[in-house]
Amino acid sequence: MRKMLTIISNVLRGSASRNVIEQITNKCDLHKLDEGPPLQAVLSREEGLQYYRTMQTMRRMELKADQLYKQKIIRGFCHLYDGQEACAVGIEAGINLSDHLITAYRAHGYTLTRGGTVREIMAELTGRRGGIAKGKGGSMHMYTKHFYGGNGIVGAQVPLGAGVALACKYLGKNELCVCLYGDGAANQGQIFETYNMASLWKLPCIFICENNKYGMGTSVERAAASTDYYKRGDFIPGLRVDGMDVLCVREATKLAAEHCRSGKGPILMELQTYRYHGHSMSDPGVSYRTRDEIQEVRSKSDPISMLKDRMLSNNMASVEELKEIDVEVRKEIEDAAQFATTDPEPPLDDLCNHIFYNDPPMEVRGTNPWTKLKSVS
């Protein structure tokens with residue numbers, strides 16, 4: 001299915017020649033849909049630069065997290081997102097920030113696109129007071145407005161996302177919920193129960209399977225009798241999309257969002273993508289796949305390289321401009337890492353704070369009945 005986007009025109013000569021290009025996108029595979037996303041997508045210069053900066057920031061942030069983990073500055077669970085940047089950026093480009101999003105534990109990228117800063121994310125990874133969850137959530141539990149975090153229980157975020165979609169419908173604000181899970185979670189029974197409920201109630205929910213080819217160390221072919229994840233909703237319409245191409249993801253998400261907002265109920269998307277790291281930092285990622293396989297994806301389908309090549313070949317940006325962005329991103333990451341390694345850890349007195357929202361101070365039992373801690377909302 002993977003093909004490079006074919007450029008058909010530079011469009012709009014003269015003053016706008018560096019601003020817009022028109023392209024043919026990959027055709028999506030469809031299930032119970034009469035029409036897929038349009039085969040033509042328009043990318044402005046401003047959009048292209050924004051997508052490039054965001055994806056580079058995600059990539060550099062994850063590489064820095066890898067470095068800090070190996071230095072034992074980041075501890076515990078840490079699941080990196082490098083290779084999958086086009087999924088997050090494309091999805092966000094197809095919906096509104098007022099829409100809602102929930103995902104699994106590979107969540108750093110979405111924390112960034114949902115309004116978190118690199119500084120807050122890195123500090124959360126190192127368990128510092130300035131982290132986005134005040135140093136108490138770590139890699140898997142980051143939250144921002146309308147972003148309900150990374151969730152550590154495999155597949156459990158799917159019914160939670162349907163609950164958010166139910167709230168969207170109940171409140172009548174024309175909002176929707178994007179509910180993400182991986183191919184490794186796709187066989188969970190609770191996902192199919194949620195499909196059923198969401199379809200019966202016509203909930204505005206975009207179910208998205210980020211198929212990165214491996215659930216932990218098991219390839220999709222060994223884990224699933226059917227790897228057509230976009231058809232798994234049965235009675236729910238679905239589409240399979242090139243998840244390594246930001247424009248393909250954007251256009252497919254726009255179609256899915258329109259489907260939900262028009263009252264037709266849920267829709268299912270499968271994004272075919274790839275993770276460069278192992279499942280987590282404890283997994284080297286090369287015991288069940290070859291280095292050559294990873295390198296081939298990097299050389300042929302890297303989401304950042306494809307966007308960069310497209311912009312350069314259409315004179316939408318210069319090499320120098322993109323290098324300048326790279327330098328700025330590296331500085332932002334280094335500054336954030338410096339903060340994340342020097343900011344104080346939260347004091348013990350903060351351990352039980354924020355258990356409930358907007359409640360008066362309360363006592364919390366400690367590790368034994370005689371230890372009392374205080375919780376402040």
Side-chain angles (χ1 to χ4, degrees), residues 1-3 5-6 8 22-43 84 86-96 99-103 158 161-162 164-166 168-169 174-183 185-187 191-213 220 224-273:
M1 177 199 163
R2 272 241 22 92
K3 295 178 182 176
L5 289 186
T6 306
I8 61 171
E22 187 177 15
Q23 301 177 321
I24 296 178
T25 61
N26 290 337
K27 188 175 181 180
C28 297
D29 298 316
L30 306 179
H31 172 66
K32 292 189 179 297
L33 285 171
D34 295 329
E35 291 186 25
L39 294 182
Q40 293 184 344
V42 176
L43 176 69
Q84 300 183 213
C87 297
V89 174
I91 289 168
E92 293 288 17
I95 60 173
N96 306 319
D99 291 320
H100 307 260
L101 192 145
I102 188 169
T103 188
V158 178
V164 174
L166 176 60
C168 291
K169 183 173 183 177
N174 201 29
E175 296 170 355
L176 57 84
C177 183
V178 174
C179 184
L180 294 124
Y181 58 96
D183 53 275
N187 299 315
I191 291 179
F192 296 93
E193 293 175 13
T194 305
Y195 287 166
N196 183 63
M197 191 177 292
S199 185
L200 283 171
W201 294 349
K202 293 195 179 303
L203 300 183
C205 191
I206 307 176
F207 297 109
I208 299 183
C209 176
E210 290 183 294
N211 177 7
N212 60 26
K213 307 295 190 290
V220 293
S226 170
T227 58
D228 290 335
Y229 295 105
Y230 71 108
K231 295 180 180 179
R232 291 284 199 93
D234 187 11
F235 36 78
I236 297 176
L239 60 164
R240 181 162 57 193
V241 184
D242 180 0
M244 301 298 271
D245 192 303
V246 67
L247 283 188
C248 287
V249 178
R250 185 188 73 180
E251 296 306 308
T253 304
K254 285 180 179 179
L255 179 142
E258 177 57 33
H259 177 95
C260 288
R261 295 192 210 280
S262 64
K264 296 178 181 177
I267 190 168
L268 175 57
M269 287 171 57
E270 175 189 346
L271 303 183
Q272 292 193 319
T273 184

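A quick note: this is a predicted structure, and the numbers were derived from the prediction, not measured.
A donor-acceptor pair under 3.5 Å is formed between the side chain of D183 and the backbone N or O of N212. Of the possible donor and acceptor atoms, none in the side chain of S199 sits under 3.5 Å from a partner among the backbone N and O of N196.
Atom CE in M269 sits 10.0 Å away from atom CD in E210 (nearest 0.5 Å). To the nearest 0.5 Å, atoms OH (Y195) and CG (D234) are separated by 10.5 Å. Between atom CG of residue L271 and atom SG of residue C87 there is a gap of 4.5 Å, rounded to the nearest 0.5 Å. One finds the CG atom of L247 at 5.0 Å from the CZ atom of R250 (value rounded to the nearest 0.5 Å). Remark: D99 CG to C260 SG distance equals 9.0 Å, nearest 0.5 Å. In this structure, C205 SG and K169 NZ are separated by 12.0 Å, a value rounded to the nearest 0.5 Å.
Considering only heavy atoms from C-beta on, C28 stays 4.5 Å or farther from L33 through its side chain. A 4.5 Å side-chain heavy-atom check between L180 and I91 finds at least one atom pair inside the cut-off. Side-chain contact between I95 and T253: present, with at least one pair of heavy atoms (C-beta onward) separated by less than 4.5 Å.
A224 pairs by the side chain to side chain contact (heavy atoms under 4.5 Å, CB included) definition with N187, T227, Y229, R232, not counting sequence neighbours. In terms of the side chain to side chain contact (heavy atoms under 4.5 Å, CB included) criterion, residue partners of D228 (sequence neighbours excluded) are, by chain and number, S226, Y230, K231, R240. Qualifying salt bridge (Lys or Arg N to Asp or Glu O under 4.0 Å) partners for K254, counting only residues two or more places apart in sequence or in other chains: E251.
Listed here is the closest heavy atom pair of N174 and R261: O-NH1, 2.8 Å. Shortest non-hydrogen contact noted between A257 and G94 is CB-O, 4.0 Å. Heavy atoms only, all atoms of each residue included: A252 and P37 are closest at CA-CG, 3.7 Å. Nearest heavy atoms, C248 versus V241: O-CG1, 3.6 Å. Contact record, T273 with K213: O-NZ, 3.3 Å, taken as the closest heavy-atom pair. Scanning both residues, G36 and L30, for their nearest heavy atoms gives N-CD1, 3.4 Å.
Shown are I267, L166, L176; of these, the side chain to side chain contact (heavy atoms under 4.5 Å, CB included) with P204 is made only by L176.
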